[in-house]
Protein chains: 2
Amino acid sequence: MILRDFLEGQDVVRGGDRPSHCCLVLTGFVCRYALLPDGRRQILAFHPPGDVPDLQSLHLQIMDHSVAAMMPSTVAFIAHEHIQHATEQHPRLIHAFWRETLIDAATFRAWMIGLGRRSAHERIAHLICEMLLRFEAVGLAEGGVFQMPVTQQDIADALGLSNVHVNRVLQDLRRDELIAWQRPMIAVLRREALEELAMFDPTYLHMRNLPDAPGVAAEA
Amino acid sequence: MILRDFLEGQDVVRGGDRPSHCCLVLTGFVCRYALLPDGRRQILAFHPPGDVPDLQSLHLQIMDHSVAAMMPSTVAFIAHEHIQHATEQHPRLIHAFWRETLIDAATFRAWMIGLGRRSAHERIAHLICEMLLRFEAVGLAEGGVFQMPVTQQDIADALGLSNVHVNRVLQDLRRDELIAWQRPMIAVLRREALEELAMFDPTYLHMRNLPDAPGVAAEA
DNA sequence: CGTTGCATTGACTTGTGTCAATATGCGTGG
DNA sequence: CCACGCATATTGACACAAGTCAATGCAACG
């Protein structure tokens, strides 16, 4: 296992690579993204500490996208062989990993719904609802407040919008006192209203113990 | 294993279900889709025969989306236990299945790029390029011609557009003699031009033997 | 033949993008 | 402690891709 530090903006893994290791985010914040030939960028996922953004590289030789640090981050690289070895010792691990990649895919689907069928306001609200829940799940959010070091341009690239429009929508959400946002701190002020605007349904995150959000029953 | 026939438009699996079986498409054509509370629909994937659209249900209890037949289709339902049993007998299977779900996820990412960052013309061109390649891979396309029984409304719901706009774009593509389209037959007339318009890069499909498309080298 | 589901058109609206200027905040070095 | 420079955020004016609505056409089918 190798530890490496990355500066803001640096690529951790690059599209086209054939990685021999998976990377585990220890501290910081990373994203996955793809570029079109003419430079348009689509951010595919955000990963707080604890995530393994390229678990797929275990079975897919070529990276079809990149992973980049969005703030100074520490990443652990774990050799594929070691992971394979571990799964042979503990066959349950394989299912745990597989499940992780399935939740990954479920999150992509949720984003697709947003990109295809939600308005700009709904998309931004939805992203904030998702990130809040995920940060809570790893104990990095308290009272609706969490730290997400992204620029408005990053949000635009994640949600298929322009930076200018993201700016305008954020102003609306702040004016309506749904959220407060002073980089890098995001505060959700009226969670229910935000979730209603976003039509947020956390089923897709497949969390075993959903934090008791109003109106959302825990799985049996 | 249970065989069942579905009519066009019928749901094979429904969001919220907790399936005990996976479904294998034997004949016909199915899609996965999600609905927003107000009825907006996003199609998430198309599945020709040979695909298992809900392999994920092996590990994710609740369906976070639905599967529907887009034409009369025959589907085989295979009990999760049987699949589990098979993977215990042949551990390699588990990796094959896992890999399938990873390619599924890679395809979602590719669609996200389209939904977020491609124009309507590019999106439609890209979808056609992808489907052509996937139909070729299962021997269901010949000379750039294949059969895909979708309406313009379906395409709209897959690509985040309106049916009217899809209609207009298709007319452009036909006028420019990139494609011909008489339901349910799609013919790609000038493949290179179409792929260039779409900025199509098939890496994400992770096919072992890419049909020798010009300019695309086979994997080492 | 009427009905039904799609495709096609035209007229008009609108959400979001683009461009370009200006503001704001922050870290650095003098 | 201030001045500078950079990145990011904010504004305003304007453009345009794509959406909406509603009518019409067309073909398959019972």
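A note on names: the letters A, B, ... follow the listed sequences, proteins ahead of strands, and every chain is numbered from 1.
In this entry the distance linking CH2 of B:Trp181 with C1' of C:dC6 reads 13 Å, nearest Å. Spacing between atom CD of A:Gln171 and atom C1' of C:dA23 amounts to 13 Å, rounded to whole angstrom units. The distance from atom CG of A:Asn167 to atom P of C:dA20 is 18 Å, rounded to the nearest whole Å. Atom CD in A:Gln182 sits roughly 12 Å away from atom C1' in C:dG25 (whole-Å rounding). Note: CD (B:Glu122) to C1' (D:dA17) measures 12 Å, nearest angstrom. A:Leu159 places its CG atom 10 Å from the P atom of C:dG17, with the value rounded to the nearest Å. Nucleotide C:dC6 holds its P atom 16 Å from the CG atom of B:Leu170, rounded to whole Å. One interatomic measurement links the two molecules: CD of A:Gln153 to C1' of C:dT18, which rounds to 13 Å at whole-angstrom precision.
Under 4.0 Å is where a charged nitrogen must lie from a carboxylate oxygen, and between B:Asp17 and B:Arg14 no such pair does. Ion pairing between a basic and an acidic side chain is recognised when a charged N comes within 4.0 Å of a carboxylate O; B:Arg41 and B:Asp154 show such pairing. The pair B:Arg190-B:Glu195 fails the salt-bridge criterion, with no side-chain N (NZ, NE, NH1 or NH2) lying under 4.0 Å from an Asp/Glu carboxylate O.
Between B:Phe77 and B:Val12 the shortest side-chain heavy-atom distance falls below 4.5 Å.
Under a cut-off of 6.0 angstrom, the local environment of CD in A:Gln10 is crowded, with over 12 non-hydrogen atoms contributed by other residues, nucleotides or ligands.
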Q | Contact pattern, 5' to 3', of nucleotides 18-23 of chain D - B, S or - by protein heavy atom under 4.0 Å | A | BBBB--
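The aromatic rings of A:His121 and A:His165 sit perpendicular, their planes meeting at an angle over 60°, well past the 30° parallel limit.
In this structure, CZ in B:Arg99 is found 12.5 Å from CG in B:Asp104, a value given to the nearest 0.5 Å.
You'll find the ring centres of A:Phe135 and A:Phe146 inside the 6.0 Å limit.
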Q: May I have the step-by-step check of side chain to side chain donor-acceptor pair (under 3.5 Å) for A:Arg183 and A:Gln147, ending in yes or no?
A: CA-CA 8 Å; A:Arg183 269 217 303 160; A:Gln147 201 172 339; over 6 Å; no
Polar-atom pairs under 3.5 Å, protein N or O versus N or O of nucleotides 6-8 of chain D: list them with distances, or write none.
from: D:dT8; atom 1: O3'; to: A:Arg183; atom 2: NH2; distance (Å): 3.3

